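So the structure is just underneath, and the comments pick up after that.
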Amino acid sequence: MKDVIVIGAGPSGSYAAYRLSKMGLDVLLLEEHKEVGKPVECTGLVSKRVLDFVKTRSIAGKVYGANIYFPNGKSIHVEKNDETIVLYRDSFDKDVAAMAIGAGADIRINARAISVKENNDSVTVKYRDSGQLKEDNAKVVIGADGINSVVRRDLYRIRQEKVVSTLQYDMAGKIEDERSVNVYLGSKYTHGFFGWAVPGGEIIRVGTGSYRASAYPYMKALSKRFGTNRVLGITGAGIPIKIAKSLFTKRSVLIGDAGGIVKPLSGGGIYTGIFSANLASERVANAIENEDYSQLRHYDKDIRGSIGVELKKDGFIQSIYSKIGDRSFDRIYGLISSEKIIDTINRSGDIDYPSKVIFKVLIRNPALLYSMWK
Ligand SMILES: Cc1cc2nc3c(=O)[nH]c(=O)nc-3n(C[C@H](O)[C@H](O)[C@H](O)COP(=O)(O)OP(=O)(O)OC[C@H]3O[C@@H](n4cnc5c(N)ncnc54)[C@H](O)[C@@H]3O)c2cc1C
C-alpha cells in the first residue's frame, strides 16, 4: 500500500508530491495527460511569492503594472515597485513535477484516475495507466485533479458552485506598454469578469473570462483590438472561483482548483494552489505518522484561517463586481483616476491579496460604493 496517491500533476499536485516525498513518504503521482504541463490553459501571471516555493527558470518575462481600460475607452495606469512574473506555464509545471521526482515520488503520466473509493482503513484508486486498468491502495488520497476533480466527485459529491468560463488566444504581436498588462472592463469584452492582454516577448496572451455566459463573443471582440490573422493558439477552460464547502473526508483532502482554492477576483490559482498543497502536505504527513486520520480536518481549518480569509473577502467583492454595468464603471473611472487614489493603489496593490487595496480605496472614496450600486 502507498502512503499517498496524488491525483493530478499540475502545480498543486506536484508540489504536494514533492513535499510529502521529501518527508520520506511513499507517494504515487498520477497525471492523465501524456505530457506534464500540456495543454497549457493559463496566462502564467504570478507574484514573486511563487518563487519562494519553486525555484523556476521558466520565466517568459516580468511586468510592473497594469493599464486598466474602462468602457469609455479611457484608461488608468497603476504601477508597483515589485515585479510580477509571467511564467512559461508548461515548463513551470514540469519544473514542479521534476522536484517531486527528485524527492522520490513515483510519477505516472498517461494515467487517468477513473474512480476513488474510501474503505475503513485505506482508499482505493482505479486508474488507466497507458490504457491498462489498474488499482492501488493508499492511506490518503490528495485530489489535485483540477476543476473536474474525480476525487471531489466520488468522495465529496459536491459540484463546483461558481465557474468563470475563459478563452485565451496566443497572438503574434507586441503590446504598446511591454512593462504592463492590459485589463479590459465592461460589457464589450466580458460578462462579469474582465479581459486581459499580457506581454510575452513576440507573443501577447489575450484572454477574457465570462461569468454565467460563454466567453466566445467577448473574445472575438477583444482579439480584434490586436489585429486579424494573428492567432497562434486557442485555449480556454473553466476557473472555479468558490472554495469547496469541505476540503477533507476520512482519507482525502482537496487542494488547488479541485477545492476551488482560487482567487475569485482574478481567477489566479497557481499561488493559492501551491499554498494549499504546502499546508495539506503537513497535515497529511502528520496524520500518517500518528495514524490519526481525523487530523485531516485541521487542513480545512488551516486554509480557511489563512488564505481562505482573503478568498472569502474577494468572493464577496466579486459578487458585487460581476454586476457592475458600463455606466457605473465609467463613473468609477472618474472617481479613481485622481493622483491620490492611484498613489494608494500603487502603494497597496497586491495580486494575491487584492481586498486590502480595494477596501483602502473605498475608505478614501466612499462615493465609489454608491457608483457601484447605481
Ligand atoms: C485561461 C486561464 C488563464 C489563467 N491564468 C492564470 C494566471 O495568470 N495566474 C494564475 O495564478 N492562475 C491562472 N489561471 C488559473 C490556473 O491555471 C489554475 O488555478 C492552476 O492551474 C491550478 O493548479 P492545479 O494544480 O490546482 O490544477 P491544474 O493545473 O488544473 O492541474 C490538474 C492536473 O490534474 C490532471 N488531472 C485531471 N483529472 C485527472 C484524472 N482523473 N487523473 C489524473 N490526472 C488528472 C490534469 O491533467 C492536470 O494536469 C488561469 C486559468 C485559465 C483557464
Side-chain angles (χ1 to χ4, degrees), residues 5-17 28-47 49-50 60 63 84-90 92-94 96-97 107-116 125-129 134 141-154 163-170 181 183 193-198 200 205-210 215 219 233-241 254-277 280 351-352:
I5 298 179
V6 181
I7 305 182
S12 311
S14 292
Y15 194 78
L28 174 63
L29 174 59
L30 302 177
E31 168 53 47
E32 67 174 343
H33 288 109
K34 286 184 181 153
E35 187 176 347
V36 169
K38 292 280 175 67
V40 175
E41 288 165 340
C42 185
T43 317
L45 211 60
V46 291
S47 70
R49 289 186 187 99
V50 167
V63 287
T84 299
I85 310 290
V86 186
L87 294 171
Y88 289 118
R89 180 57 206 274
D90 47 353
F92 174 77
D93 281 22
K94 287 194 177 87
V96 194
I107 187 172
R108 309 272 169 83
I109 55 168
N110 201 12
R112 175 171 169 56
I114 50 178
S115 74
V116 185
V125 178
K126 282 192 181 155
Y127 58 101
R128 281 198 188 281
D129 190 348
K134 289 193 179 161
V141 69
I142 297 185
D145 43 351
I147 187 166
N148 298 313
S149 170
V150 168
V151 181
R152 199 183 60 228
R153 181 198 70 194
D154 287 1
V163 175
V164 170
S165 312
T166 67
L167 262 179
Q168 179 173 281
Y169 294 175
D170 279 354
V181 300
V183 175
F193 206 61
F194 62 91
W196 63 86
V198 173
R205 298 174 189 174
V206 184
T208 186
S210 188
M219 189 62 226
I234 300 177
T235 59
I239 306 182
I241 57 163
L254 295 176
I255 62 175
D257 275 22
I261 306 169
V262 175
K263 294 175 276 179
L265 282 168
S266 65
I270 299 172
Y271 167 66
T272 48
I274 292 177
F275 185 94
S276 67
I351 66 165
D352 295 327

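Ligands are counted one by one from 1 in listed order, and the atoms in each one are counted from 1 as well. This one's a predicted model, so the numbers in the text were calculated from it and none came from an experiment.
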Heavy atoms only: which of [options] lies closest to [atom]?
atom                    : options                      : value
atom 18 (C) of ligand 1 : Asp257, Ile351, Leu87        : Asp257
atom 23 (O) of ligand 1 : Gly273, Gly260, Ser12, Gly10 : Ser12
atom 6 (C) of ligand 1  : Cys42, Ser266, Ser115        : Cys42

*Between Ile7 and ligand 1, which residue portion shows a heavy-atom distance shorter than 4.0 Å: side chain, backbone, both, or neither?*
side chain
*Is Arg89 touching ligand 1 with its side chain, its backbone, both, or neither, if touching means heavy atoms under 4.0 Å apart?*
side chain
Could you check [atom] against the protein and tell me its nearest heavy-atom contact, residue, atom and distance included?
atom                    : result
atom 45 (C) of ligand 1 : Glu32 CG, 3.6 Å
atom 5 (N) of ligand 1  : Thr43 N, 3.0 Å
atom 34 (O) of ligand 1 : Gly8 CA, 3.1 Å
atom 40 (C) of ligand 1 : Ala113 N, 3.7 Å
atom 1 (C) of ligand 1  : Thr166 OG1, 3.4 Å

*State, yes or no, whether a side-chain contact exists between Pro39 and His33 at a heavy-atom distance under 4.5 Å.*
yes
_Just verifying a value: how many Å separate Ile270 CD1 and Thr272 OG1, rounded to the nearest 0.5 Å?_
9.0 Å
*Val150 heavy atoms, cut-off 4.0 Å: which ligand 1 atoms fall inside?*
41 (N)
